[in-house]
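Taking it in order: structure first as structure tokens, then the write-up.
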Amino acid sequence: MSTPYAKLPAWADYGLIPLINLFVAFVVAGFVVLLVGENPLRAAVILVEGAFGKGTGIAFTLFYATTFIFTGLSVAVAAHCGLFNIGTEGQAYIAGLGIAIVCLSFDSTLPWWLTFPLAIIAAAAVGALWALIPAYLQAKRGSHIVITTIMFNFIAASIMVYLLVGPLKPAASQAPQTRNFLAGAELPKLNWIIELFGAKIRSAPLNVTFLLALVMAFLVWLLIWRTKLGYEMRTYGHSPKAARYAGISETRIIIPAMMISGGLAGMMALNPVMGDQHNVAIDFVSGAGFVGIAVALMGRLHPVGIVLAAILFGMLYQGGAELAFEMPAISRDMIVIIQGLVILFAGALEHMFRPYIQALFASFSPRSVGMEAVKGKGA
Amino acid sequence: MDVFNAIIQTLDSTIRLSVPLLLACLAGLYSERAGIFDIGLEGKMLVGAFAGAAAASVFHSAFLGLGMAILISVAFAMIHGFASITHRGNQIVSGVAINFIAAGSTIILGQAWFQQGGRTPALQPGERFEAITLPGAEAIRDVPIIGPIYAELLSGHSILVYLAFLMVPFTWWVLFRTRFGLRLRAVGENPAAVDTAGISVAWLRYRALICTGILTGIAGAYLSMVQNGGFVKDMTAGKGYIALAALIFAKWKPVNAMFACLLFGFLDAASIRLQGSPLPIIGKVPAQFMQALPYILTVILLAGFIGKAIPPRAGGVPYVKER
């Protein structure tokens with residue numbers, strides 16, 4: 001996305017500024033903790049210890065991170081194309097339907113390593129199809145994608161509630177969820193990797209989807225920076241007009257970009273559904289799609305940044321659970337505030353500190369900000 | 001007569017359910033007409049609802065509650081302005097951030113201050129806005145047709161309901177008959193022209209956002225102090241987004257906004273009333289379908305199948321002065 005600001009060296013742009021923004025977000029969150037009457041520093045210590053102190057904590061952190069890598073990548077792919085996919089939540093939710101169909105049909109006959117690829121395809125396909133309609137409407141009829149994807153979140157939620165309290169619910173059960181999957185649809189855990197390092201794990205839901213998430217992060221990097229489609233997407237995202245003059249078809253960019261975004265969002269559902277709960281329940285996404293927005297912004301839309309930001313948010317989720325245990329005044333909703341502050345400072349206010357940092361860089365070495373020493377024109 | 005009563009009752013709850021939508025929708029109208037997209041209506045309503053109920057219960061005054069709801073809601077609107085006007089950040093991102101901060105902080109602060117699982121204490125009489133009986137309502141209650149319409153449908157609402165509906169002509173007047181309104185609309189269509197005329201784009205947009213904050217504050221106060229006797233976590237439950245949908249449905253016009261909100265309110269009221277009971281001809285309609293209908297209608301409208309919704313031209317674009 002174009003900015004009306006001068007350039008900074010890459011390490012400052014991709015490292016320093018996000019860190020400063022993150023730091024400010026945490027300082028403000030610290031004030032909220034103070035307002036509640038607790039010690040923010042102690043809260044931070046409990047949070048980090050809860051996330052990384054024990055093997056189980058690390059496994060849970062990575063389990064949450066898996067989910068956020070998918071949603072973060074989903075938001076980022078669309079954002080590279082200049083599209084704000086706020087519908088990640090709904091795309092992931094409705095993808096649960098695809099997974100449910102695959103798992104309920106094959107869990108008694110196929111082993112997990114056959115069910116899993118089928119479920120990946122189903123999840124990605126359903127997610128992609130759910131993104132297709134907003135994409136088509138944006139490309140062909142100019143409907144604002146933010147509004148249509150918000151609407152599709154609600155429509156997805158209605159459909160899933162309808163199915164989960166009706167057709168998909170076993171007749172004998174009261175809970176609004178599918179029956180539990182059999183062994184053929186349960187993904188193997190990855191906890192042994194952490195145990196290799198000598199840490200003990202009681203029971204944590206970290207599973208093979210984590211590896212799938214890392215593969216997807218690599219594939220997204222390939223797509224965005226090493227393929228023609230990715231190049232065209234970035235061009236279109238940077239300047240739709242320039243893309244049009246260059247003969248890039250709007251429809252042929254927007255629709256694949258949104259479908260890839262929706263597919264990644266859909267794959268997110270694999271992690272909680274097949275890796276942890278072993279059923280599809282109401283509201284199983286529980287806001288992970290929106291966390292993806294924060295993760296993508298924090299990671300500056302780069303897969304490496306997204307993986308790191310996802311681990312950060314995984315840490316917040318896992319450590320936040322411990323924190324709620326130690327400090328009852330601070331429930332898990334604290335994470336929602338932090339998430340909002342990160343979106344605010346890393347997203348909407350990303351330029352707030354930039355002029356100061358630029359001035360600082362310019363005073364030390366004018367060339368690093370792309371200015372000749374004599375020209376004192378500023379940004 | 002039973003059918004008639006049922007209709008009156010459904011319409012009555014239509015009015016009650018459409019008021020928060022209407023206030024939020026008009027709120028969105030001010031900011032979007034000034035060229036600021038506002039996804040954060042939901043969050044501002046939520047903090048308004050929380051601040052209103054909390055202040056009313058602490059100070060034992062409904063009007064202090066309303067004042068606090070407006071104050072906090074305007075403060076959140078100013079955060080949106082600071083990010084998207086002063087720092088030219090992405091308006092959608094800023095709105096999303098505001099929704100999260102609102103959702104989290106209302107629960108955390110509510111729990112810390114009142115220890116009732118994120119609720120505020122139940123409001124006592126005098127701390128919430130009571131229903132107003134219009135003059136003569138009791139006298140003509142027994143007159144057929146007109147009586148119930150006047151006594152049930154028009155009378156017996158709280159002051160905020162009448163205020164919400166009065167805001168419709170008032171907003172129309174402000175936007176289309178005052179200098180401020182003309183400039184506000186101009187800044188949403190072509191800010192450069194407004195700037196050339198020597199008017200500050202930023203200040204004008206900030207003022208539009210203050211209007212937005214006031215109205216979302218009232219909408220929130222209505223939820224927690226009229227519809228419900230206290231704040232419950234996540235009580236807006238997507239109403240801010242439905243209001244946004246209504247705004248598009250209304251093509252950014254105040255009177256249309258009222259009808260759109262009444263329509264969406266009616267769908268809500270009907271789905272509550274019909275729960276499970278079959279309709280003639282169509283048969284049984286799932287409640288979820290009725291709940292999804294506003295969103296489906298909006299998508300169809302956005303697709304251009306029911307007229308074309310054309311947003312203000314400069315919407316979503318931060319204004320950069322030429323250098």
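Reminder, nothing fancy here: chain letters follow the sequence lines and each chain counts from 1. Quick note: numbers below take in every heavy atom, side chains included, and nothing from hydrogens, waters or symmetry partners.
The closest side-chain donor-acceptor pair between Gln138(A) and Ser143(A), if any, does not fall under 3.5 angstrom. One side chain, Thr216(B) or Ser73(B), offers a donor N or O that lies under 3.5 Å from an acceptor on the other. Side chain to side chain, Ser261(A) and Asn85(A) meet the donor-acceptor criterion of an N or O pair below 3.5 Å.
Scanning both residues, Asn39(A) and Met327(A), for their nearest heavy atoms gives O-CE, 3.9 Å. The heavy-atom pair separating Ala103(B) from Leu46(B) by the smallest distance is CA-CD2, 3.6 Å.
Heavy atoms closer than 4.5 Å to chain A are found in both the backbone and the side chain of Ile296(B). Both the backbone and the side chain of Phe82(B) have a heavy atom closer than 4.5 Å to some heavy atom of chain A. Heavy-atom distances place the side chain of Ile86(A), and not its backbone, under 4.5 Å from chain B. For Val165(A), the part lying near chain B is the side chain, with the backbone staying farther off; criterion is any non-hydrogen pair under 4.5 Å. Only the side chain of Ile293(A) comes within less than 4.5 Å of a heavy atom of chain B; its backbone N, CA, C and O stay farther away. With a threshold of 4.5 angstrom between heavy atoms, Phe290(A) approaches chain B through its backbone and through its side chain. Contact annotation for Ser84(B): neither backbone nor side-chain heavy atoms come within less than 4.5 Å of a heavy atom of chain A. Contact annotation for Ile79(B): only side-chain heavy atoms (C-beta onward) come within less than 4.5 Å of a heavy atom of chain A. With a 4.5 Å cut-off on non-hydrogen atoms, Ile338(A) does not touch chain B at all. If you measure heavy-atom distances from Phe84(A) to chain B, the contacts under 4.5 Å come from the side chain alone. Proximity to chain A (any heavy atom under 4.5 Å) is restricted, for Ile39(B), to the side chain, taken from C-beta onward. With a 4.5 Å cut-off on non-hydrogen atoms, Val146(A) touches chain B through its side chain but not through its backbone. With a 4.5 angstrom heavy-atom cutoff, Ile150(A) touches chain B only via side-chain atoms.
Looking only at heavy-atom pairs under 4.5 Å with chain A, the residue among Thr106(B), Leu293(B), Leu244(B), Ile101(B) that has the most is Ile101(B). When Gly89(B), Ala97(B), Ala102(B), Gly43(B) are compared by the number of non-hydrogen pairs under 4.5 Å with chain A, Ala97(B) comes out ahead. Interface remark: of the candidates Pro294(B), Pro318(B), Ser105(B), Ser105(B) forms the most heavy-atom pairs closer than 4.5 Å to chain A.
Rounding to the nearest 0.5 Å places SG of Cys81(A) at 8.5 Å from CD1 of Ile145(A).
Ring planes of Phe50(B) and Trp113(B): parallel class, angle under 30° (limits at 30 and 60°).
The ring-ring contact (aromatic ring centres under 6.0 Å, His included) test with Phe264(B) singles out one residue from Tyr241(B), Tyr295(B), Phe249(B), and that residue is Phe249(B).
Ring centroid separation for the pair Tyr162(A) and Phe289(B) does not come in under the 6.0 Å cut-off. Aromatic ring centres of Tyr317(A) and Phe68(A) lie closer together than 6.0 Å.
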